[in-house]
Number of protein chains: 2
Amino acid sequence: MGTAGANLGAVRSHNAALVLGLLRDAGAEGISRLELAERTGLTPQAVSKITARLREEGYAAEAGRRASTGGKPRTVLRLVPEAGHAVGVHLDRDELRVVLVDLDGAVVAQRRAELDLGARAEAVLGVVAEAVEELVGEALGLGDEGLAGAGTLLGVGVALPGPLDHSRGVLHRVTGFPEWDGFPLRDALGERLGVPVVVDKDTNAAALGLSVGGEAGSRSFAYLHLGTGLGAGLVIGGRVHRGARTGAGEFGHQVIQLDGPLCECGNRGCVEALCLAAVGRGEPGEAARVLGVGAANLVALLDIDVVLLGGRTVAGEPGVFVRGVEDVLDARARRAGARGEPVPVRSSTRGERLVAEGAAQLLLAPVFGRGDA
Amino acid sequence: MGTAGANLGAVRSHNAALVLGLLRDAGAEGISRLELAERTGLTPQAVSKITARLREEGYAAEAGRRASTGGKPRTVLRLVPEAGHAVGVHLDRDELRVVLVDLDGAVVAQRRAELDLGARAEAVLGVVAEAVEELVGEALGLGDEGLAGAGTLLGVGVALPGPLDHSRGVLHRVTGFPEWDGFPLRDALGERLGVPVVVDKDTNAAALGLSVGGEAGSRSFAYLHLGTGLGAGLVIGGRVHRGARTGAGEFGHQVIQLDGPLCECGNRGCVEALCLAAVGRGEPGEAARVLGVGAANLVALLDIDVVLLGGRTVAGEPGVFVRGVEDVLDARARRAGARGEPVPVRSSTRGERLVAEGAAQLLLAPVFGRGDA
DNA sequence: GCACTTTGGCAACAGCGTTGCGAAAGTAGG
DNA sequence: CCTACTTTCGCAACGCTGTTGCCAAAGTGC
């Protein structure tokens with residue numbers, strides 16, 4: 001909350017979001033009122049009131065009972081996934097992916113199309129808007145008012161490469177496409193569609209998607225994406241860390257070789273340049289080692305729990321990259337005399353829809369109490 | 001708050017802490033009820049109630065009036081600094097510093113002594129406990145119950161070098177002094193003194209001290225300390241970032257030269273090794289450049305506002321280091337096509353008491369709503 | 001001196017989670 | 001099948017929060 005005062009309305013929505021989040025995490029199995037009370041620290045009676053409200057509003061429902069432990073059996077509650085939906089858009093250099101997900105994050109409908117991100121901004125905007133409207137129309141139906149008529153639609157999340165201003169929804173630039181410099185994507189698309197729009201970097205969306213899916217299994221992790229470039233999404237304490245100017249996660253141009261080879265960004269010895277050069281030479285092991293050095297720096301600096309790897313290059317040989325990065329992390333941890341578990345490294349098992357699904361989570365996260373992360 | 005439910009008690013203490021924080025930030029100038037209302041988003045009437053409680057408890061007081069703007073002039077409120085005190089202890093390899101500060105963070109009394117951190121843990125503990133008791137006794141007076149009798153004393157914060165577990169208050173190791181491995185400093189000292197004790201790394205304490213003093217002028221900054229070693233304290237969004245295992249801030253052993261010279265930690269190409277080697281060769285400019293590369297990595301990764309430099313080596317030639325780091329940051333920002341202000345670099349103007357004062361803030365921060373940061 | 005503006009407290013209020021108690025819905029034993 | 005017991009969960013009363021409506025206090029400006 002930062003410097004904001006808390007009033008009773010804030011308490012209500014905070015607790016409601018907390019309960020909704022626990023309901024989601026419980027999945028199909030459901031969760032009882034008493035478990036909710038234990039997890040939140042609230043009294044059972046308060047949980048009953050909160051869940052009663054949620055049931056009235058259609059967000060929660062009863063779903064059977066547990067076995068009795070000698071008395072009245074616990075009633076199990078679950079999230080009603082159809083109570084809310086969000087659209088996730090992944091804009092890549094040559095491809096457009098749109099997904100419609102429900103409150104559970106499950107993909108209800110999707111669409112893929114070729115795209116030329118180098119075309120005029122207005123034209124691209126039109127293609128995106130059309131795709132979104134068609135997808136939502138087919139899956140949920142539209143009222144006379146267009147998307148705003150689809151009652152359960154919370155909004156549209158858009159993820160794309162390149163630096164941008166998340167809080168204002170303005171693109172800084174999209175590498176190689178000067179057309180987009182300074183384009184106010186959020187407001188332009190929001191006006192066109194008539195629903196809330198949120199914009200974020202693709203790596204942040206991916207990290208958010210992983211944090212929700214439970215795949216990360218951690219509240220603090222780094223997602224490193226190695227594809228045509230190298231970027232990172234940081235999740236710290238369950239929230240995507242974007243930094244003061246929402247530009248955090250510039251991992252590719254971390255310098256790890258003083259006065260090393262020139263990178264196209266103008267610096268020398270960037271991880272990205274070294275890593276991609278090794279890949280180009282057909283030495284994935286060396287690429288993994290370089291990536292590992294960067295990852296180890298990050299782990300030491302922020303003390304995170306898990307490192308997740310993803311992207312096309314990693315997907316080609318996941319084992320090599322996971323092992324390579326792991327080796328560097330383990331060696332450094334041992335030298336530092338670390339106690340406890342080593343920091344695990346995994347490759348993301350989610351497919352090519354990860355970024356689009358994460359983009360949709362940009363709108364679902366606030367519902368479940370993850371602030372604006 | 002994380003996953004904790006909010007009840008009315010939580011709301012009260014949250015809002016009270018918020019108001020106290022604003023009162024502190026206003027300093028001697030004070031702040032009016034209406035300004036407090038604007039800053040917190042609460043209604044003026046709520047602020048009146050909250051400040052009435054704080055005045056009853058002795059934490060706040062009226063302090064004159066502002067000039068009228070056409071009506072009843074605003075009453076100015078201020079913090080009552082004497083309402084609370086905290087002790088800050090800085091344990092260094094050869095020195096012990098103890099300060100007693102009031103709610104404003106102003107040093108009320110202090111003490112300095114030689115210390116051999118290599119001595120037996122129990123012996124060191126005794127020296128520390130005695131120094132704290134004497135200092136507090138002289139300044140505040142002790143009851144029959146020792147420190148616990150000094151009514152306004154919130155507790156003792158201890159800062160020292162080396163990795164440790166902040167949440168449990170256990171030292172991992174103190175470089176060069178195996179005696180301390182695994183020593184439960186917080187509980188041992190807490191039992192001895194009979195008041196709450198909090199333990200943290202010296203760099204974290206320094207960063208906390210800077211964030212409170214307003215010197216940082218930012219809610220997200222990095223404090224880089226270059227002395228006998230090189231370490232960092234990170235403040236993100238107004239809170240000290242400690243990470244999952246409270247080991248964050250390992251800046252000195254960030255690798256910035258792949259397969260570079262061997263560092264005493266066993267890695268190759270650490271910033272610390274490169275930086276200190278340059279200092280040893282009498283090339284502070286090169287040391288600053290190396291430090292700048294590490295700082296630029298950190299700034300890009302986390303997107304922080306300000307970089308603050310400190311420590312004996314920096315204090316020797318502050319201009320050289322500030323300029324050297326600044327040059328690297330500026331050059332990289334320009335290449336990245338950054339817009340807006342460049343990230344400023346400053347050297348800390350606080351003296352040798354910075355760490356001890358920051359250690360005291362470990363206990364004051366919760367009073368002003370900074371969670372446990 | 002009068003009209004006006006602004007501040008800030010008093011009292012009534014709505015809404016939050018909490019507490020006390022009882023109904024509902026099971027199990028275990030005769 | 002009935003009784004005794006345990007556990008779950010909702011209703012009603014409660015205490016406390018910040019909010020709202022109203023009015024007194026304390027200035028300025030004509």
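Quick note on labels: first sequence line is chain A, next is B, and so on, each numbered from 1.
- Salt bridge B:Asp187/B:Arg168: absent, no basic N to carboxylate O contact under 4.0 Å.
- Atom CG of B:Leu77 and atom C1' of C:dG8 are 11 Å apart (whole Å).
- Counting to the nearest Å, the C1' atom of D:dC16 and the CZ atom of B:Arg12 are 8 Å from each other.
- Between A:Arg53 and the phosphate of C:dG17, there is a side-chain N or O to OP1/OP2 separation shorter than 4.0 Å.
- Nearest to the side-chain atoms of A:Arg65 among the listed nucleotides C:dG26, C:dG9, D:dT17 stands C:dG26.
- Rounded to whole Å, the distance from CG on B:Asn7 to P on D:dC14 is 21 Å.
- Just one residue in the list B:Asp25, B:Val47, B:Leu22 forms a side chain to side chain contact (heavy atoms under 4.5 Å, CB included) with B:Arg39, and that residue is B:Leu22.
- At whole-Å resolution of the value, CG in B:Asn15 and P in D:dT17 are 11 Å apart.
- Residue B:Ile50 contributes atom CD1, which lies 15 Å from atom P of C:dG8 at whole-angstrom precision.
- Using a 4.0 Å heavy-atom cutoff across all strands shown, B:Ser32 reaches no nucleic acid atom at all.
- Listed pair B:Thr43 / D:dT20 fails the phosphate criterion, with no side-chain N or O lying under 4.0 Å from OP1 or OP2.
- Rounded to a whole Å, the CD atom of A:Glu38 is 13 Å from the P atom of D:dT7.
- Across D:dC9, C:dT18, C:dA25, the shortest atom-to-atom separation from the side chain of A:Ala46 is found for C:dT18.
- Among C:dT19, D:dT8, D:dC9, the nucleotide with an atom closest to any side-chain atom of A:Ser48 is D:dC9.
- Of the candidate nucleotides D:dG18, D:dC9, D:dT17, D:dT17 has the atom nearest to the side chain of B:Leu8.
- Not one N or O on the side chain of B:Ser32 forms a donor-acceptor pair closer than 3.5 Å with the backbone of B:Val76.
- D:dC11 atom C1' lies 14 Å from atom CZ of A:Arg33, rounded to whole Å.
- Rounded to whole Å, the distance from NZ on B:Lys49 to P on D:dT19 is 10 Å.
- Between the base of D:dC11 and the side chain of A:Gln45 there is a donor-acceptor pair shorter than 3.5 Å.
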